[in-house]
> 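Here you go, one structure.
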Amino acid sequence: MSGPVLNRRLVLEAPQRVADGAGGFSESWATLGTLWAEVTPGTGREVGGQGGALSRVPYRITVRGAPVGAPSRPGPEQRFREGARLFHILAVTERDARGHYLTCFAEEELGA
């Protein structure tokens, strides 16, 4: 089995709560780093949203392996950014037995 072609540069981001000074908070995204990835699209579907129909496309995003707990290891509830495109990470697993690569199951949401 040959290795993946890591030809897309993605920015890994994590949600961060920021106090608003009035007892509440707002959510922003903090950059954790940049990873090279192979991005493989799946079959999209259309779902109803608050403002109309949304198109959701699943992706398998492969990146180099990183140990559990490392800041460079993607995790659920984080996202990848590629310019204006956002890929929300749903789950992460090792792609191979040695953990050289990780497969991130992600979803891109597009307004219709």
Side-chain angles (χ1 to χ4, degrees):
M1 175 169 112
S2 64
V5 178
L6 306 179
N7 61 357
R8 304 266 294 265
R9 188 176 164 165
L10 304 178
V11 176
L12 179 62
E13 298 179 333
Q16 184 176 44
R17 287 184 169 188
V18 178
D20 65 5
F25 68 90
S26 63
E27 190 170 87
S28 65
W29 291 88
T31 299
L32 300 178
T34 302
L35 302 173
W36 286 95
E38 177 180 75
V39 180
T40 307
T43 303
R45 62 187 168 95
E46 190 174 292
V47 297
Q50 290 180 347
L54 297 173
S55 175
R56 290 199 174 159
V57 180
Y59 285 85
R60 284 184 181 222
I61 299 175
T62 303
V63 297
R64 292 199 187 281
V68 174
S72 60
R73 184 183 175 103
E77 299 182 18
Q78 294 179 341
R79 70 184 185 187
F80 288 114
R81 175 184 294 277
E82 183 181 40
R85 297 178 73 183
L86 299 173
F87 302 93
H88 299 276
I89 302 170
L90 306 173
V92 178
T93 188
E94 283 76 19
R95 180 177 187 261
D96 56 282
R98 298 178 125 191
H100 290 157
Y101 298 99
L102 300 172
T103 297
C104 302
F105 298 92
E107 199 170 61
E108 181 181 26
E109 188 175 285
L110 306 167

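Numbering of residues begins at 1 and proceeds along the displayed sequence. Everything quoted here is computed from the prediction, not taken from an experiment. Any value given below was found using the heavy atoms of this structure, including those in side chains, with hydrogens, waters and symmetry copies removed.
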> Please report, to 0.1 Å, the donor-acceptor pairs under 3.5 Å made by any side chain of residues 16-32, with sequence neighbours excluded.
from, atom 1, to, atom 2, distance (Å)
Asp20, OD1, Ala22, N, 2.8
Asp20, OD1, Gly24, N, 3.0

> Looking at Arg9, I'd like to know if its CZ atom is crowded, meaning that more than 12 non-hydrogen atoms belonging to other residues, nucleotides or ligands lie closer than 6.0 Å.
no
> Considering only Ile, Leu, Val, Met, Phe, Trp and Tyr, and joining two whenever side-chain heavy atoms are under 4.5 Å apart, list the other residues clustered with Trp36.
Leu6, Tyr101
> Apply the test side chain to side chain contact (heavy atoms under 4.5 Å, CB included) to residues Leu12 and Ile89: give CA-CA distance (whole Å), side-chain angles for both, the deciding distance (0.1 Å), then the verdict.
CA-CA 10 Å; Leu12 179 62; Ile89 302 170; 4.0 Å; yes
> Are the side chains of Pro41 and Arg60 in touch, meaning some heavy atoms are under 4.5 Å apart?
no
> Which ILVMFWY residues are connected to Leu86, directly or by a chain of links, through side-chain heavy atoms under 4.5 Å apart?
none
> Name the atoms and distances for all side-chain donor-acceptor pairs under 3.5 Å in residues 72-83, with sequence neighbours left out.
from, atom 1, to, atom 2, distance (Å)
Arg73, NH1, Ala66, O, 2.7
Arg73, NH1, Glu94, OE2, 3.4
Arg73, NH2, Glu94, OE2, 2.9
Gln78, OE1, Gly75, N, 2.9
Arg79, NE, Glu13, OE1, 2.6
Arg79, NH2, Glu13, OE1, 3.0
Arg81, NE, Glu13, OE2, 3.0
Arg81, NH1, Gly83, O, 3.4
Glu82, OE1, Arg8, NE, 3.4
Glu82, OE1, Arg8, NH2, 2.7
Glu82, OE2, Arg8, NE, 2.8

> Evaluate the side-chain proximity of Leu10 to Val39: yes if any heavy-atom separation is below 4.5 Å, no if none is.
yes
> If you measure from NE2 on His88 to CD on Glu108, what distance do you get to the nearest 0.5 Å?
8.5 Å
> Please report the interatomic distance CG(Leu35) to CG(Leu102), rounded to the nearest 0.5 Å.
9.5 Å
